Amino acid sequence: MSEEILIVDDSADSRSLLAVILKRVGYAVRQAPDGPTALEMVAQAAPHLILLDVNMPGWDGFTVCARLKAHSAWAEIPVIFVSARDEAADKVRGLEIGGADYITKPFDKAEVLARVRSHLKISALTHELRQKNQELSRKQADLEEDLRAAAAIQASLLPQKLPNTPQVELSWEFVPCQTLGGDIFHALELDEGWLGLYILDVSGHGVPSSLVTVSIHETLLPHSGVVVREAAEDGRPLSLASPLQVARELDRLYPLERFEKTFSIVYAVLDMSSGRFSYVNAGHPPPLLLRADGGRELLRSTGPLIGLDGMLPFEEAQCQLRPGDRILLYTDGVTDLQDRDGGFLGEGPFLEFVEQVRRLPLAAGLRGLRQMMADYAGGAAPQDDISLLGLAYWGDARR
Amino acid sequence: MTQEPEDLISVEIEIDLEDIVPGYLENRRRELGVLNQALAGGDFETIRRLGHDLKGTGGGYGFDALSELGRALEQAGREADPAAAGRTIAQIKDFLARVRVSFV
């Protein structure tokens with residue numbers, strides 16, 4: 001035991017007695033005969049605990065205690081009043097101005113030691129707790145920094161450069177949620193005249209979902225053999241997998257057991273010259289087909305989420321795009337967007353937003369949608385990623 | 001004869017306090033002069049304060065009787081009661097004359 005205790009008492013006899021009792025059990029002891037001397041000694045080296053007399057000429061113990069407590073560096077030093085004043089009002093006052101305890105003189109030695117020991121322990125534990133909290137805060141800051149870095153990596157996977165063809169115009173908007181989300185989308189020319197595009201949302205949030213997102217993104221790159229294959233089927237060019245094949249392959253590669261995650265996806269292949277749009281919608285919010293003539297179709301789900309081990313069969317659907325038609329893909333971060341009162345945007349209001357921008361140029365329309373949603377959320381960061389991927393089909397009209 | 005005279009007051013005190021108890025008693029004997037002077041001058045504030053201090057230290061040093069006398073002295077000082085103060089000072093003087101300490 002090497003804790004140091006400062007005894008403050010104008011009576012040398014009182015100080016000597018306490019010093020003997022404390023030294024006997026191993027505490028280091030310093031003594032001050034009055035308040036100003038005590039504060040000087042504390043300023044030189046803060047003791048672990050202070051035993052403070054109340055009745056002293058000049059500053060009384062209450063004044064000394066109040067001055068200590070007003071000093072942030074000293075406020076945590078436990079102060080135990082030791083006084084022959086045994087009125088309840090004195091004890092209450094001592095505790096109210098920050099004293100840890102109040103011992104009346106004449107005191108019992110064992111009681112003094114027990115109280116000193118217990119307040120030293122409380123003080124040490126408090127100190128330890130504060131340090132642990134600071135450590136936790138630091139770790140939390142590191143984690144948040146890592147999350148920001150991970151979010152930046154995930155964002156870097158979003159299309160940097162979209163296919164530039166006369167038949168198709170593409171544009172996107174992405175608003176990340178505060179924590180790491182599980183959205184990703186891409187569009188790329190798989191083969192001469194063939195466009196592949198997808199949008200997906202991995203269940204959950206945070207690092208695991210984000211990492212799975214990155215993994216699926218890799219899988220869907222042309223070189224990994226899932227979307228571009230060797231075998232020929234369905235009259236497509238030799239190398240392209242059909243959306244149905246892609247969905248089945250993803251379901252095989254990403255069973256729930258693998259990462260404890262499922263995901264929804266729309267995977268589509270567009271024959272850019274004919275306008276034939278083939279897709280699988282695996283449990284994803286329905287892409288909007290906005291016809292040039294003002295009509296609107298929802299490309300509803302054609303199969304279950306990926307990862308449920310083919311619980312239900314996937315189906316592939318087609319639609320025929322005509323010049324001026326648009327496709328808008330999005331994730332449920334859009335319809336689940338919350339306003340300040342916790343209300344959800346929902347599909348109906350979202351469709352109304354879309355109607356307001358469908359005549360604008362594609363990129364401007366998506367920016368407008370993003371702005372309307374930001375206004376709806378009232379400035380709050382979204383709970384989930386918001387992803388918008390738009391396609392305008394021109395066919396050969398612009399050639 | 002090794003037998004203690006009957007009018008002595010025997011007090012057993014822990015050996016740890018051996019170094020400081022003699023000085024403490026010596027200080028109290030010296031204080032008697034201050035007390036008598038205060039009583040003669042009607043300085044009850046000094047009587048109250050010294051009584052308060054004695055109440056606080058006596059028992060801690062092992063002399064519960066001194067704490068009791070200190071309490072009486074403090075009260076006499078607070079009430080400015082010269083008869084009670086004089087009586088208590090005499091009792092303190094008597095205690096200090098008769099006390100014999102053995103360290104155990």
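Please read all numbers here as calculations on a predicted model, not as lab measurements. Order of the sequence lines fixes the chain letters, A, B, ..., with proteins taken first and strands second; residue numbering starts at 1 for each chain.
- Taking a cutoff of 4.0 Å between a charged side-chain nitrogen and a carboxylate oxygen, A:D13 and B:R28 qualify as a salt bridge.
- Contact of the B:L73 side chain with the B:K55 side chain is not registered, since no non-hydrogen atoms from C-beta on lie closer than 4.5 Å.
- Ion pairing between B:D94 and B:R98 holds under the 4.0 Å rule for side-chain N and carboxylate O.
- For B:S67, the part sitting under 4.5 Å from any heavy atom of chain A is the side chain, from C-beta outward, and nothing else.
- Among B:L17, B:D53, B:V21, the residue making the largest number of heavy-atom pairs under 4.5 Å with chain A is B:L17.
- With a threshold of 4.5 angstrom between heavy atoms, B:R71 approaches chain A through side-chain atoms but not through N, CA, C or O.
- Residue A:D53: no heavy atom, backbone or side chain, is found under 4.5 Å from chain B.
- With a 4.5 angstrom heavy-atom cutoff, B:N27 touches chain A only via side-chain atoms.
- When all heavy atoms of B:I47 and B:G77 are compared, the pair lying nearest together is CG2-CA, 3.9 Å.
- A salt bridge is defined here as a Lys NZ or Arg NE, NH1 or NH2 lying under 4.0 Å from an Asp or Glu carboxylate O, and A:D9 with A:R15 fails to meet this definition.
- A:D108 does not touch chain B: none of its heavy atoms, backbone or side chain, sits under 4.5 Å away.
- At a 4.5 Å heavy-atom cutoff, B:E74 makes no contact with chain A through either its backbone or its side chain.
- Salt bridge annotation for A:R24-B:E14: present, with a cationic side-chain nitrogen under 4.0 angstrom from a carboxylate oxygen.
- Only the side chain of A:S11 comes within less than 4.5 Å of a heavy atom in chain B; its backbone stays farther off.
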